[in-house]
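Position 1 is the first residue of the sequence, and the numbers go up from there. Excluded from the calculations below are hydrogen atoms, water molecules and symmetry mates; all remaining heavy atoms, backbone and side chain alike, are included.
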Amino acid sequence: MKANRLDDLTKSAFLNRPDLHVQTEGEFAGWRTWSRDNFESHNGPFWHRMEDDGQIRCAFRVEKKHLNGMSNVHGGAFMAFADYCLFAMAAPVLQWAGVTVSFSCEFLDAAREGELVEGTGEIMRAGGSMIFLRGVLKSGERPLFTFSGTIKRVKRRTLVVANNDAG
């Protein structure tokens, strides 16, 4: 077993989310995505998988809907995908929901329709309430975008629904 391989508990936390969808056909067969995020579902599809060495790899194929007026990937599409990457990379240690509390990025190069954009990165530190990460988006070996972010763990809460009955 490789030294940086995730242990079984972490790997099972990554693989066993109730909203996890595993693609069964096409270019991304075997890749995963989450079904509960309407924004990402609309703006993606964005995909992720765990490599044999435990590294998380994310990807999307650039479509016309991802382009700006100059026929390059819109900066907002890169940013939305990078935020998705943060949560995919944090999934093995996040264990529940989280929110992005900090995000920083640098635009390095453009991507065009049809290109495969992949994101990789690492957890710099995972504490009790915060997870600090950094990553890079590439097309082939060409760096497109670097990013870093902080995710705050959200504690599980019981949903309280107000009773609006007047009587």
> For L144 and K138, work out which heavy atoms get closest and say how close.
CD1-C, 3.8 Å
> Parallel, tilted or perpendicular, judged at 30° and 60°: which one describes the rings of F103 and F147?
parallel
> Verify, without hydrogens or angle tests, whether R134 (side chain) and T146 (backbone) share a donor-acceptor contact under 3.5 angstrom.
no
> For the OG1 atom of T100 and the CD1 atom of I131, what is their distance to the nearest 0.5 Å?
10.5 Å
> Passes side-chain contact (heavy atoms from CB on, under 4.5 Å), M130 versus V101? Steps please.
CA-CA 9 Å; M130 303 284 231; V101 295; 4.1 Å; yes
> Identify the heavy atoms of A82 and F145 that sit nearest to each other, and give their distance.
CB-CE2, 3.6 Å
> Per the ring pair (Phe, Tyr, Trp, His ring centres under 6.0 Å) rule, which among F60, F28, W31 passes with W47?
F28
> Any idea which heavy atoms bring H48 and C58 closest together, and the distance?
CB-SG, 3.8 Å
> Hydrophobic clusters here meaning ILVMFWY residues chained together by side-chain heavy-atom distances under 4.5 Å, can you tell me if V99 and M124 are in one?
yes
> Can you sort out the partners of F132 under ring-ring contact (aromatic ring centres under 6.0 Å, His included), two or more places apart, ordered by chain and number?
none
> For A126 and R153, which heavy atoms make the closest approach, and how far apart are they?
CB-NH2, 4.1 Å
> Just do the side-chain contact (heavy atoms from CB on, under 4.5 Å) check on V62 and S139 with the steps written out, would you?
CA-CA 10 Å; V62 177; S139 179; over 6 Å; no
> Within a strict 4.5 Å, meaning less than it, do heavy atoms of the P92 and M50 side chains meet?
yes
> Below 4.0 angstrom, N of the basic side chain to O of the carboxylate: do E63 and R61 qualify?
no
> Please check: side-chain N/O of R32 versus main-chain N/O of G30, any donor-acceptor pairing under 3.5 Å?
yes
> Around atom CD of E27, are there more than 12 heavy atoms of other residues, nucleotides or ligands at under 6.0 Å?
yes
> Please say yes or no: joined through hydrophobic side-chain contacts below 4.5 Å, possibly via intermediate residues, are V117 and L67 part of one cluster?
yes
> Let me confirm one number: the CD-SG distance from E118 to C85, rounded to the nearest 0.5 Å.
10.0 Å
> Kindly give the heavy-atom pair with the smallest separation between G98 and F87, and that separation in Å.
O-CE2, 3.5 Å
> Return the NZ to CD distance between K65 and E113, rounded to the nearest 0.5 Å.
12.0 Å
> Please round to the nearest 0.5 Å and tell me the distance separating atom CG of L133 and atom OG1 of T150.
7.5 Å
> Parallel, tilted or perpendicular: which fits the ring planes of Y84 and F81, with parallel below 30° and perpendicular above 60°?
parallel
> Would you tabulate the side-chain donor-acceptor contacts of residues 71-80 under 3.5 Å, counting partners in other chains and residues two or more places apart, or write 'none'?
| residue | atom | partner | partner atom | Å |
| --- | --- | --- | --- | --- |
| N72 | OD1 | R112 | NH1 | 2.9 |
| H74 | ND1 | G76 | N | 2.8 |

> Mind listing the closest non-hydrogen atom pair of D109 and P143 along with its distance?
CB-O, 3.6 Å
